[in-house]
Amino acid sequence: MAPFSRMTGGPEGTYRTCCYHPPINKKYTNVIGAFMGKEMNTLRERMLNNEYIKECEPCYYYDSIGELSQRQVINQEHSYQEDFFLEGLEMSFDNKCNFACITCKPESSSVWEEREGKIDKIKPNYDGVDFSRLKHLSFTGGEPTIQKEFSPNFFEMLDKNINYETIFFSMNTNCSRFVHKSWQNFIQKLKRVMIMTSIDGIGPIGEWVRLGLKMDVWERNTLRWKNLLKDNKEYTYGDMSSGVWANFVMTNYNIFNMQDTEKYLSNLGIRMKKTNCFSPEHLSPEYLPDEIKKELPNDEFIQRVLNNNDFNVDYCKEFVLYTKYLETFQKAPEEALFVYHKLKEYL
């Protein structure tokens, strides 16, 4: 029910119904205008007609491999109503970020923008949002902890408007920085809150695939989040509960590091959510040749992903070229290059 209830403000000034959906084509100057605009009305009509919606393929994908999809999450939080209004909002103010993750792009990372050239962007605008009616509020980036717009004044506004008893708040962070006191106070007042920290591997692999990551800094800040929410035990949604989680995005580079990362997080008392990198496609192991797939870890999650698609030679060639490009910025650790070496032999 996302088109009837929520919107995502992209860091480059685009709008969409959720973080996985492509931005709507028309450039709106305000999130409310986008929510009530022609493109969203058309999307709602298509959904009510039970059409197959290609733009929603990421959720079809996760449903097909038995993972909790964004669609399932949103449907649990928001029910259909004919007199719909905006009750879910994912906010970002710009693409400012201090990391250059291999899965990212200039639209979401200022470091990538510096590498690849200026992109066309405008500042997202949230004027007119009735924060008192929100059931779900989320902060994303870029990296939200370094965005100046999330200021003490901003949290003072939230404090006057939101319903702490019912709202579900979520936030994605690379954990390179911790947050100011007003932000902490806001978090502690919430009943339903999830902090999703990003970690796509540990040690040299983790620090290469998320260039900018320092493991000691990440661990220190993650444990600060955990301590901040140590008394919060309220249920949130699906198979995930309130508190601190770590999101692991699997790619051809870190597939052998996933189990070690899970053990590391378990020792810290941090729960791990596994996701696959479905975009860009050349990073996903599901498109590898069967001969290489047989040499990958026999993990249930990994095997579900591998069985989802067949060999795609174009994606594999693109992966080899992308690896060479990434190494122009920083040499990859050898343990991240198993698939790369195998593909060079195969192709």
Return yes if a side-chain donor-acceptor contact under 3.5 Å exists between [X] and [Y], otherwise no.
| X | Y | value |
| --- | --- | --- |
| Arg224 | Asn227 | no |
| Glu286 | Asn308 | yes |
| Asn95 | Glu113 | yes |
| Tyr287 | Asp314 | no |
| Glu143 | Thr173 | yes |
| Ser151 | Asn153 | no |
| Ser176 | Asn98 | yes |

Inset, instruction - Please step through ring-ring contact (aromatic ring centres under 6.0 Å, His included) for the pair Phe150 and His180, ending with a clear verdict. - result: CA-CA 10 Å; Phe150 293 117; His180 53 72; 9.1 Å; no
Inset, instruction - Might you work through the salt bridge (Lys or Arg N to Asp or Glu O under 4.0 Å) test for Lys27 and Asp120, ending with a clear yes or no? - result: CA-CA 11 Å; Lys27 284 195 173 182; Asp120 181 23; 2.4 Å; yes
Inset, instruction - Please step through salt bridge (Lys or Arg N to Asp or Glu O under 4.0 Å) for the pair Arg6 and Glu90, ending with a clear verdict. - result: CA-CA 8 Å; Arg6 68 184 311 283; Glu90 189 170 358; 3.5 Å; yes
Measuring only between side-chain heavy atoms, which start at C-beta, is [X] closer than 4.5 Å to [Y]?
| X | Y | result |
| --- | --- | --- |
| Thr8 | Leu89 | no |
| Lys181 | Asn185 | yes |
| Glu107 | Pro11 | no |
| Val129 | Ile32 | yes |
| Phe319 | Leu288 | no |
| Thr261 | Asn254 | no |
| Met250 | Lys274 | no |
| Tyr264 | Glu219 | yes |

So which heavy atom on [X] is nearest to which on [Y], and how close?
| X | Y | value |
| --- | --- | --- |
| Ser284 | Asn252 | C-OD1, 3.6 Å |
| Ser242 | Asn232 | CB-OD1, 3.0 Å |
| Ser108 | Cys97 | O-CB, 4.2 Å |
| Lys226 | Gly269 | NZ-CA, 3.6 Å |
| Leu296 | Gln303 | O-NE2, 4.3 Å |
| Leu343 | Pro289 | CD2-CD, 3.8 Å |

Legend entry - Verdict with reasoning, Glu327 to Leu337, per side chain to side chain contact (heavy atoms under 4.5 Å, CB included): CA-CA 11 Å; Glu327 289 205 296; Leu337 297 177; 4.2 Å; yes
Inset, instruction - Decide, yes or no, whether a salt bridge links Arg44 with Glu39 under the criterion of side-chain N to carboxylate O below 4.0 Å. - result: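 Result for this pair is no, no salt bridge flagged.
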Legend entry - Side-chain ion pair, Glu207 and Lys214, N-O less than 4.0 Å: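 Looking at Lys214 together with Glu207, the answer is no, because their closest N to O distance does not fall below 4.0 Å.
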Inset, instruction - Before giving the answer on ring-ring contact (aromatic ring centres under 6.0 Å, His included), spell out for Phe178 and Trp183 the whole-Å C-alpha distance, their side-chain angles and the decisive distance to 0.1 Å. - result: CA-CA 10 Å; Phe178 204 59; Trp183 202 323; 9.2 Å; no
Legend entry - ring-ring contact (aromatic ring centres under 6.0 Å, His included) partners of Phe169, counting only residues at least two apart: Phe139, Phe186
Legend entry - Contacts of His282 that satisfy ring-ring contact (aromatic ring centres under 6.0 Å, His included) - sequence neighbours left out: Tyr322
Legend entry - Parallel, tilted or perpendicular: rings of Phe311 and Tyr346 (30°, 60°): perpendicular
Legend entry - Phe84 and Phe4 aromatic ring geometry - parallel, tilted or perpendicular at 30°/60° bounds: perpendicular
Legend entry - Within 45° cone of Phe248 ring axis and under 6.0 Å: Arg271 NZ or CZ: no
Inset, instruction - Determine, using ring centers only, whether Tyr253 and Tyr340 are less than 6.0 Å apart. - result: no
Do [X] side-chain atoms and [Y] backbone N/O form a donor-acceptor pair below 3.5 Å?
| X | Y | result |
| --- | --- | --- |
| Asn247 | Met196 | no |
| Arg16 | His21 | yes |
| Lys135 | Ile167 | no |
| Trp208 | Gln330 | yes |
| Ser109 | Val111 | yes |
| Asn49 | Glu51 | no |
| Trp225 | Thr197 | no |

Linking I/L/V/M/F/W/Y whenever their side-chain heavy atoms sit closer than 4.5 Å, directly or via other members, would [X] and [Y] fall into one cluster?
| X | Y | value |
| --- | --- | --- |
| Ile202 | Phe338 | yes |
| Phe99 | Val249 | no |
| Ile122 | Tyr28 | no |
| Tyr325 | Leu283 | yes |
| Met272 | Leu268 | yes |

Inset, instruction - Kindly indicate, with the supporting measurements, whether the criterion salt bridge (Lys or Arg N to Asp or Glu O under 4.0 Å) is fulfilled by Asp94 and Lys121. - result: CA-CA 9 Å; Asp94 60 41; Lys121 59 184 178 181; over 6 Å; no
Inset, instruction - Any chance you could lay out the side chain to side chain contact (heavy atoms under 4.5 Å, CB included) test for Arg210 and Asn174, step after step, and finish with the verdict? - result: CA-CA 9 Å; Arg210 295 185 60 81; Asn174 63 26; 3.5 Å; yes
In terms of heavy-atom contacts, does [atom1] of [X] have more than 12 from other residues, nucleotides or ligands at under 6.0 Å?
| X | atom1 | answer |
| --- | --- | --- |
| Gln259 | CD | no |
| Arg115 | CZ | yes |
| Lys123 | NZ | yes |
| Lys230 | NZ | yes |

Inset, instruction - Working to the nearest 0.5 Å, report the span between OG of Ser170 and CG of Leu190. - result: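 CG of Leu190 is found 10.5 Å from OG of Ser170.
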Inset, instruction - May I have the step-by-step check of side chain to side chain donor-acceptor pair (under 3.5 Å) for Asn30 and Asp127, ending in yes or no? - result: CA-CA 7 Å; Asn30 180 276; Asp127 291 346; 5.0 Å; no
Inset, instruction - Please assess Met171 against Met194 for the test side chain to side chain contact (heavy atoms under 4.5 Å, CB included), listing each intermediate value before the final yes or no. - result: CA-CA 7 Å; Met171 173 180 154; Met194 179 182 298; over 6 Å; no
